[in-house]
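Written out below as structure tokens is the structure these notes cover.
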Amino acid sequence: MTHTYRTHNCGALRKTDVGNEVRLSGWVHRVRDHGGLLFIDLRDHYGLTQCVIEPDAEAFALAETVRAEWVIRIDGRVDKRSDETINPQMHTGDIEVRISALEVLSQAAELPLPVFGEPDYPEDTRLKYRFLDLRRETLHANIVRRSEIISAMRKHMVEQGFTEYQTPILTASSPEGARDFLVPSRMHPGRFYALPQAPQQFKQLIMMAGFDRYFQIAPCFRDEDARADRSPGEFYQLDIEMSFVTQDDVFNAVEPVLRDLFTEFGGGKPVTQEFPRITYAEAMRKYGNDKPDLRNPIEMQDVSRHFAGSGFKIFAGMLEKDKKNRVWAIPAKTGGSRAFCDRMNSWAQGEGQPGLGYIFFRNGGEGAGPVAKNIGAERTSAIREQLELEDGDAVFFVAGDPKKFAEFAGAARTRAGEELGLVDHERFDFCWIVDFPMYEWDEDNKKIDFSHNPFSMPQGGMEALESMDPLDIKGWQYDIVCNGVELSSGAIRNHKPEIMLKAFEIAGYGPEVVEEKFGGMLRAMQYGAPPHGGIAPGVDRIVMLLAGEPNIREVTMFPMNQQAEDLLMGAPSNVSAAQLRELHIRLNLPNKT
RNA sequence: GGGGGUGUAGCUCAGCUGGUUAGAGCGCUGGCCUGUCACGCCAGAGGCCGCGGGUUCGAGUCCCGUCACUCCCGCCA
């Protein structure tokens, strides 16, 4: 007895099936009507099969009526294609199915979004008709790949002795960090749950509860504005926590997982075998960025000494005025043309900078450009020597307080590398960024605040907190960066209540605040907390990198738009007065003019 | 919250210094076509030029405002 819908899927048939009677069901991908001969490419999740029918066939009249994306079932015989008509680009290209019977299972209205050929369509149309968008080959494959990657993550984690535990979705609002999504409590009028920004406290409590080596593909919710690489609202982390570990133990557990994942799913692109460890300070100095793209070979250098007391009065004056001020050089191999340097300069001005000083080296090795003229041949060649530049290269200069210009210098480095084609896009370059500062100066509130995670262990422990300038204290905090994308953040946690209280005190939070906001965790620390630490690689960003997509919505099945709306489901939506009443909520909407 | 970009047919886009009836390709509909696989050929339908106001004899085009989408900044412990 033949199955109601299919004996094979649309990607299954091969030469070896020739002669067999088969039944296929799927979507009409494409119709090619030659009048006397009609081709239907039938598509399902598994593939595409060419089906053919001629006018003398009983089902021909019906076959002529089918349109793109109708769902049909066909019966037919598998025929070998003649040599000239074999299509080597299709898995099923050696055969075709000669239709003997056809049933329309479901019709499709005229498409607001064509599936075949996947032409570019506006994103709001794609989101509103996501079910059609998801039929398209690229997105469909991305989503399948995402699933495979997550499967592999689980497999690697379990193999390394980790166990997956679930943590609550409805939890308490936490005072630090991002804006929470709130869920009103029906049973407790005026009180709210919050969706977790990450299972941070839970995973630490799991360690304190005596479990070890936890992981979870954890949903995280933050009510912050979207970016290309950041969904509004929700995203997933491969959340990891381990007990009795040092930073090295965490690195040794996580590094192979990512390396193997990228090797397996990275399409053959080379993957960093041993992730270099770069301190935060070094990353800022060399790359002007705490998530450097190491595929870009440019490394910045301090060249202040060549400008001190030089004829280039602007820089010389800055160096004189404040000894914090420095001059950094951005060497640009192959950038030695006036056209390129001018382009960089006007880009810098477009960024709101006064400009970008440069020297470029033409044939004969003489440095050209206004800076070279001002500092003279000797200093110019000293700079050239320090940076190991050759004829045809250029160098750009940024001066002032590095704290203020580092970010711009980093952007200039990125731009020069991209414009000159120095960045090798066919690689996955990983690194660890370590030794993040524990605190930073909050200019808005004129106070010291946590720069990263308030639960991190400060390097040097209690002694450091008591004796050092807070801004000099480093935390056991680390990031994993790949190709300029921050993939993970983690830390060795603080497991001692007295250090926690002191750390918060430095950031201006008294013990009563800690008790109120983190009472559960503080209590857990007082009853035997193991030293522990962990990390949380961003699943969406990993998939994005592996799929080679610049946008997180291309690896998300049902994403929201930038305004945090789900155009398919219509979220967020209005709710009934009765629902609000039950939740003891009265709306107080902003006036819209 | 702020800044940039975009907005003309279902889609991608053209439309000059303001000047008759706003175009092309794809898609759609109909017709023809027996070997296509981005099938081909012919014909046709399809437009509040995002919306509102202003300047002008005259606005797709210039000005102001507004809305939508997107990218970025802020934000994201």
Side-chain angles (χ1 to χ4, degrees), chain A residues 29-43 48-57 60 64 67-68 79 81-90 92-93 96 98 109-129 132 174-180 196-198 200-201 220-235 350-352 407 411 436 438-440 442-444 449-456 475 477 486 489-491 493 503-504 507 509 517-518 536 538 550-551 553 561-563 565 567 590 592-593:
Chain A
H29 189 58
R30 185 69 172 163
V31 180
R32 290 179 298 282
D33 186 351
H34 290 235
L37 183 70
L38 180 78
F39 295 101
I40 295 173
D41 288 340
L42 198 63
R43 186 197 71 237
L48 205 59
T49 301
Q50 173 165 287
C51 305
V52 60
I53 187 166
E54 291 176 18
D56 51 350
F60 188 77
E64 277 192 312
R67 294 289 178 269
D79 280 358
R81 294 204 205 180
S82 64
D83 287 349
E84 328 79 76
T85 61
I86 284 173
N87 185 345
Q89 273 152 5
M90 293 171 73
T92 60
E96 62 194 2
R98 193 146 300 253
E110 192 187 327
L111 301 173
L113 178 79
V115 176
F116 171 75
E118 11 184 353
D120 284 346
Y121 259 58
E123 189 138 33
D124 42 344
T125 306
R126 293 182 53 203
L127 293 177
K128 183 171 175 189
Y129 297 95
L132 288 175
S174 75
E176 293 292 302
R179 202 174 292 115
D180 283 318
Q197 296 181 20
Q200 179 64 37
Q201 292 189 65
C220 304
F221 306 90
R222 296 177 192 175
D223 186 6
E224 296 293 349
D225 290 348
R227 287 288 182 278
D229 64 352
R230 201 169 81 203
S231 306
E234 54 184 76
F235 59 97
E351 296 287 295
E407 192 186 342
F436 277 86
M438 186 80 187
Y439 298 100
E440 65 190 8
D442 175 356
E443 192 54 44
D444 292 342
D449 206 352
F450 293 108
S451 70
H452 238 59
N453 181 325
F455 305 124
S456 298
Q477 298 178 158
E486 183 191 316
S489 255
R493 321 296 176 188
F504 274 83
Y509 305 100
K517 299 299 184 184
F518 306 108
N551 186 311
R553 295 183 295 275
N561 68 7
Q562 196 176 35
Q563 280 69 242
E565 296 163 307
L567 299 177
K592 267 227 164 159
T593 40

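Because only heavy atoms are used, hydrogens play no part in the values below, and waters and symmetry mates are left out as well, while side chains stay in.
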Residue whose nearest RNA chain B nucleotide is more 5′ - Asp124(A) or Gln50(A): Gln50(A)

Closest of C72(B), U70(B), A38(B) to the Asn561(A) side chain is U70(B)

When both hydrogen-bonding distances must be under 3.5 Å and the geometry is Watson-Crick or G-U wobble, what is G18(B) paired with, if anything? none

U56(B) - base-pair partner by Watson-Crick or wobble geometry, distances under 3.5 Å: none

Which nucleotide, C75(B), U29(B), A38(B), lies nearest any side-chain atom of Arg67(A)? U29(B)

In whole Å, I'd like the distance from the CG atom of Asp33(A) to the P atom of U29(B). 12 Å

Less than 4.0 angstrom between a side-chain N/O of Arg553(A) and OP1 or OP2 of C69(B), yes or no? no

From Phe504(A) atom CZ to Phe455(A) atom CZ, the distance as rounded to the nearest 0.5 Å: 5.0 Å

How is Asn551(A) classified with respect to the nucleic acid when contacts are heavy atoms under 4.0 Å: base, sugar-phosphate, or nothing? sugar-phosphate

Need the pair for C75(B). Rule: Watson-Crick or G-U wobble, both distances under 3.5 Å, any strand; none if unpaired. none

Which nucleotide, if any, forms a Watson-Crick or G-U wobble pair with G40(B), using both distances under 3.5 Å? C32(B)

Using a 4.0 Å heavy-atom cut-off across all strands, classify Pro119(A) as base, sugar-phosphate, or nothing. nothing

Taking pairing as Watson-Crick or G-U wobble with both contacts under 3.5 Å, can you name the mate of G46(B), or confirm there isn't one? none

Do Leu132(A) and Leu111(A) come within less than 4.5 Å of each other through their side chains, counting heavy atoms only? yes

Under 4.0 Å, counting only non-hydrogen atoms across every strand here, what does Glu123(A) touch: a base, just sugar-phosphate, or nothing? sugar-phosphate

Spacing of Glu110(A) atom CD and Arg67(A) atom CZ [to the nearest 0.5 Å]: 11.0 Å

Ionic contact status for Asp225(A) with Arg230(A), cut-off 4.0 Å: no

With respect to the phosphate group of U36(B), does any side-chain polar atom (N or O) of Arg32(A) fall under 4.0 Å of OP1 or OP2? no

Look at the side chain of Arg126(A) against the base of C11(B) and say whether a donor-acceptor pair falls under 3.5 Å; ignore hydrogens and angles. no

Distance, rounded to the nearest Å, where Asp41(A) contributes CG and A38(B) contributes P: 9 Å

Value in whole Å for how far the P atom of U29(B) lies from CD of Glu110(A): 6 Å

Give a yes or no on this: more than 12 heavy atoms of other residues, nucleotides or ligands lie within 6.0 Å of atom CG of Asp56(A). yes

When you compare G18(B) with C69(B), how far apart are their P atoms, in angstrom units rounded to a whole number? 33 Å

Answer with yes or no whether Arg30(A) presents, from its side chain, a donor or acceptor under 3.5 Å of a partner atom in the base of C37(B). no

Provide, to the nearest angstrom, the distance between the CG atom belonging to Asp225(A) and the C1' atom belonging to C73(B). 11 Å

Between A14(B) and G7(B), how far apart are the two P atoms, rounded to whole Å? 7 Å

Counting side-chain heavy atoms from C-beta on, which of U12(B), C69(B), G35(B) comes nearest to Pro122(A)? U12(B)

Would you mind reading off the distance between Tyr121(A) atom OH and A9(B) atom P, rounded to a whole angstrom? 12 Å

In whole angstroms, how far is the P atom of C75(B) from the CG atom of Asp229(A)? 16 Å

In Watson-Crick or G-U wobble terms, with both distances under 3.5 Å, the base opposite G27(B) is none

Between U17(B) and G60(B), how far apart are the C1' atoms? Round to whole Å, please. 16 Å

Remember a base hit wins even if backbone is also touched, and classify Arg98(A) as base, sugar-phosphate or nothing at under 4.0 Å, heavy atoms. base

4.5 Å side-chain heavy-atom contact, Asp41(A) and Arg32(A): yes

Would you say that Arg43(A) contacts Phe116(A) through its side chain, given a criterion of any heavy-atom pair below 4.5 Å between the two side chains? no

Assigned partner base of A68(B), Watson-Crick or wobble definition, under 3.5 Å: U6(B)

Within the 4.0 Å heavy-atom criterion, would you say Arg81(A) contacts the bases, only the backbone, or no part of the nucleic acid? base

Please report, rounded to the nearest Å, how far the C1' atom of C11(B) is from the CG atom of Leu113(A). 9 Å

Assess the residue pair Met90(A) and Asn87(A) against the criterion (side chain to side chain contact (heavy atoms under 4.5 Å, CB included)); give the C-alpha distance rounded to whole Å, side-chain angles, the decisive distance to 0.1 Å, and a yes or no. CA-CA 6 Å; Met90(A) 293 171 73; Asn87(A) 185 345; 3.6 Å; yes

Nearest whole angstrom, please: distance from the C1' of C76(B) to the CG of Asp449(A). 14 Å

The answer to which of Glu224(A) and Glu565(A) contacts RNA chain B further toward the 5' end, by nearest nucleotide, is Glu565(A)

Contact class for Asn87(A) vs. all strands (heavy atom < 4.0 Å): base, sugar-phosphate, or nothing? base

Has His34(A) got its ring stacked on U36(B), by the test of a centre gap below 5.5 Å and a plane angle below 30°? no

